[in-house]
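Written out below as structure tokens is the structure these notes cover.
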Protein chains: 4
Amino acid sequence: MPRPTNPKLRRAILDVARRVLIEQGYPALAMRPIAREVGCTATSIYLHFDSKDALIHALIDEGMELLGRELRAALAAGATPRDRLQRLARAYLSFGLENPEYYEIMFMLHPSRMERYPAENYRRARRNLDFFHQELAAALGPAAADRDLRAEATLLWTSLHGTVSLLIAGRIDAAIDRDKLVELAVAQVLRSLSPPPLLPESDAARN
Amino acid sequence: MPRPTNPKLRRAILDVARRVLIEQGYPALAMRPIAREVGCTATSIYLHFDSKDALIHALIDEGMELLGRELRAALAAGATPRDRLQRLARAYLSFGLENPEYYEIMFMLHPSRMERYPAENYRRARRNLDFFHQELAAALGPAAADRDLRAEATLLWTSLHGTVSLLIAGRIDAAIDRDKLVELAVAQVLRSLSPPPLLPESDAARN
Amino acid sequence: MPRPTNPKLRRAILDVARRVLIEQGYPALAMRPIAREVGCTATSIYLHFDSKDALIHALIDEGMELLGRELRAALAAGATPRDRLQRLARAYLSFGLENPEYYEIMFMLHPSRMERYPAENYRRARRNLDFFHQELAAALGPAAADRDLRAEATLLWTSLHGTVSLLIAGRIDAAIDRDKLVELAVAQVLRSLSPPPLLPESDAARN
Amino acid sequence: MPRPTNPKLRRAILDVARRVLIEQGYPALAMRPIAREVGCTATSIYLHFDSKDALIHALIDEGMELLGRELRAALAAGATPRDRLQRLARAYLSFGLENPEYYEIMFMLHPSRMERYPAENYRRARRNLDFFHQELAAALGPAAADRDLRAEATLLWTSLHGTVSLLIAGRIDAAIDRDKLVELAVAQVLRSLSPPPLLPESDAARN
DNA sequence: CATGAATGAGCTTTCATTCAT
DNA sequence: CATGAATGAAAGCTCATTCAT
């Protein structure tokens with residue numbers, strides 16, 4: 001389904017859609033308002049995107065690639081595995097906070113919208129998260145032997161995601177300094193390099 | 001304006017609304033589909049709730065109270081601060097995973113819909129998070145002196161939230177064991193009791 | 001259809017309905033808002049009135065009777081036919097301006113609402129206008145011989161109605177003094193006692 | 001936001017709306033019934049009018065312009081101020097009786113619906129009434145010196161309005177000949193050129 | 001490559017009214 | 001004498017989408 005057409009209009013549509021999304025939320029992400037802001041007709045959008053879902057998916061793709069770029073840049077700048085891990089975390093947080101529109105559509109959309117997201121894109125997108133796994137392994141070295149690094153890397157990601165998404169959603173108490181929270185989140189990632197804590201006994205009895 | 005009315009119908013409406021929300025997402029949370037499933041007319045819903053927003057707020061309130069109950073139970077069961085902290089984390093994760101409909105509506109709805117959530121309820125809801133602060137302080141004791149516990153407690157919460165929300169949304173790779181991830185999330189909370197890691201020098205140079 | 005029931009509630013309903021009518025207009029004259037203000041249920045209104053139309057008709061009847069009372073009082077106070085005519089006009093204007101809710105529902109409602117107004121009430125209501133005819137005849141005496149007094153009396157009424165209704169509707173330029181306009185309207189009624197003007201010739205040629 | 005679009009449909013909508021208004025009253029002036037009669041969907045109406053109010057305002061504008069045209073034609077045809085005044089009155093009455101749908105929407109709609117009528121249009125509309133003032137002044141000449149012509153011109157208008165509106169509303173006794181009433185109304189306007197009557201003494205004592 | 005016109009389904013909400021209690 | 005619960009219809013309006021041009 002090659003769809004070259006006027007690339008400028010395509011860009012404009014994507015940009016407006018992103019802005020509307022963050023400013024007014026998903027329910028307001030309607031074709032006609034987008035068209036009005038872009039300065040074309042709603043019909044024109046359909047020349048560039050098969051459907052509203054396709055438009056959203058294009059935004060997701062763009063966002064994933066942008067994130068990938070930034071994570072790779074972080075990797076390249078790091079001297080040691082530990083340094084790279086820290087940079088990865090910081091880059092992830094920065095990306096989310098500086099591109100909330102992308103972030104929201106990439107990671108905060110309801111699954112009912114994601115179901116239609118082509119599986120192949122999905123897989124490609126997930127690759128971004130492998131960086132965490134890879135650097136965690138490198139940083140731990142032989143100490144990684146008896147740890148489930150895939151799960152640990154996932155945890156790093158989900159933790160960062162929680163911080164980003166709640167900050168974006170404005171759910172964090174205004175008394176909390178955003179930069180401070182970011183620093184703590186980065187530190188938490190580095191903490192995961194030290195050996196896991198012993199769970200209290202009460203826990204062993206549980207479940 | 002009497003508002004108690006038939007409590008069974010009220011319950012049914014809330015239950016269906018919760019289910020629709022998780023199954024089909026917010027945009028599908030419409031009055032008529034809910035009514036159809038409940039087996040009443042859309043008009044009847046308005047006998048029990050002033051508006052769609054009021055219905056959603058009622059769900060949030062219910063969820064917040066349920067969460068509060070579970071967190072308090074966890075606290076009560078813990079022997080030491082460290083134990084209580086670990087139980088709090090586990091209870092939070094369990095609540096989210098076992099009540100995804102509540103969790104989604106409580107913490108994952110777009111803020112544009114949340115603005116009208118009455119400020120007072122909001123404050124009451126946030127109190128649930130104070131437990132983390134309180135137990136963190138108790139567990140650290142004098143070591144808490146030069147740490148920003150409010151921010152650290154918030155980080156605990158956001159990290160747990162990230163794990164819960166991505167699990168709920170089905171965004172976690174199927175190869176990752178859900179229980180394993182939960183255990184790691186709990187362990188991460190306990191790790192926050194140890195002294196913070198030294199950030200690599202590369203960081204000091206940054207911005 | 002005797003409908004005694006609680007007369008206090010009946011009164012309250014009528015009073016609130018009247019107020020709502022003038023404050024928010026006919027489209028807002030809904031049963032439930034009335035009930036809410038009265039402090040009863042919508043159902044209760046139906047114990048006192050068969051329908052919304054019946055409620056409106058009751059208001060019209062009340063208004064007509066009130067108007068009749070005031071016109072009769074004006075008549076009684078007048079010494080001469082000319083004086084009585086002038087008092088009638090003034091009383092009519094005063095009634096409308098002081099009871100805009102009644103006036104609006106009596107004379108400004110769309111005919112589609114009036115169709116259902118029982119014919120008998122209608123006739124009774126119209127009797128109020130006979131006063132104008134009667135006093136006009138008395139004031140003119142023998143001079144009335146070759147004039148169509150029924151039509152002239154009707155004109156007096158329609159002219160007064162125009163002034164009242166536009167004042168009530170707020171359609172009169174704010175720069176026009178309300179009292180001045182009323183005085184002019186009264187004077188216009190008295191002017192109708194003098195012989196009719198000769199129409200310019202151009203008129204004879206018309207149509 | 002291009003708005004010319006298919007002008008035939010626009011016309012058809014306006015025409016049907018006008019007819020529905022007079023036949024069934026304002027509450028029946030709903031988008032879907034109009035659409036049904038026009039033979040399009042309710043949505044299509046929104047291609048031509050921003051809202052129901054905008055549709056109504058368009059009708060008012062049309063009516064005001066039509067009235068203006070007819071009043072200006074009357075003025076042009078009159079030889080003397082007195083003649084012109086008489087023609088103005090007759091033209092006003094004719095307009096109302098021949099275009100009851102326009103007249104009703106222009107002057108008989110409840111103010112609560114009128115508030116949103118753009119102020120600028122409103123002012124423009126009111127200019128139609130200046131013709132009465134202007135010709136009254138011309139006809140009276142120096143005799144106008146100690147009279148409030150603005151108020152008197154307003155009274156002419158309100159009186160004519162009363163006659164038109166009650167005739168339109170079918171509130172006039174069937175025994176009254178419509179043409180006769182119109183002639184009397186015109187005559188009443190001319191009578192206003194003679195000096196004002198002395199009010200009876202009883203009036204001086206009043207209030 | 002783009003538009004204007006149109007559609008049908010759906011939205012939240014309010015309406016007048018009824019009926020068993 | 002009055003209520004709570006419910007209903008079906010309809011309101012104004014917006015949605016994603018299509019199609020002829």
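Only a predicted model underlies this, so the values are computations on that prediction, with no experimental measurement involved. First the proteins, then the strands, lettered A, B, ... as listed; each starts at 1.
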Shortest non-hydrogen separation from C:Ile45 to C:Met31 and the atoms involved:
CD1-O, 3.6 Å
Separation between CE of A:Met106 and CG of A:Leu66, rounded to the nearest 0.5 Å:
8.0 Å
Roughly how far, to the nearest 0.5 Å, is NE2 of B:His48 from NZ of B:Lys8?
12.5 Å
Tell me the interatomic distance from B:Arg10, atom CZ, to F:dA6, atom P, rounded to whole angstroms.
13 Å
Output the distance between atom CG (D:Leu166) and atom CE (C:Met108), rounded to the nearest 0.5 Å.
10.0 Å
How far does CD1 of C:Ile13 sit from CG of C:Leu59, to the nearest 0.5 angstrom?
10.5 Å
What string of B, S and - do you get for nucleotides 16-21 of chain F 5' to 3' if you count protein non-hydrogen atoms under 4.0 Å?
BBBB--
Whole angstrom is fine here: how far is it from CZ in D:Arg36 over to P in F:dA9?
13 Å
Assess whether side-chain contact (heavy atoms from CB on, under 4.5 Å) is satisfied between C:Glu101 and C:Arg19, documenting all intermediate values.
CA-CA 7 Å; C:Glu101 340 84 65; C:Arg19 218 189 53 236; 6.0 Å; no
Rounded interatomic separation in angstrom, taking CD1 from B:Ile45 and P from E:dC11
11 Å
Separation of atom CG in B:Leu55 from atom C1' in E:dC11, rounded to whole Å:
15 Å
Measuring from C:Leu67:CG to C:Phe107:CZ, what's the distance to the nearest 0.5 Å?
5.5 Å
Measure from NE2 on B:His48 to C1' on E:dT13 and round the result to the nearest Å.
16 Å
Could you check whether any side-chain heavy atom of B:Leu47 comes within less than 4.5 Å of a side-chain heavy atom of B:Leu9, counting everything from C-beta outward?
no
My validator wants the stems of DNA chain F: runs of 3 or more consecutive Watson-Crick or G-U pairs, both distances under 3.5 Å, written as range with range.
E:2-21 with F:2-21
When D:Ser44 and A:Gly39 are each assigned the nearest nucleotide of DNA chain E, the 5'-most assignment goes to A:Gly39
Measure CZ/D:Phe49 against P/F:dC13 and give the value in whole Å, please.
13 Å
Heavy-atom closest pair (B:Ala42 atom, B:Arg32 atom, distance to 0.1 Å) is CB-CG, 3.7 Å
E:dT7 P sits how many Å from D:Leu47 CG, rounded?
9 Å
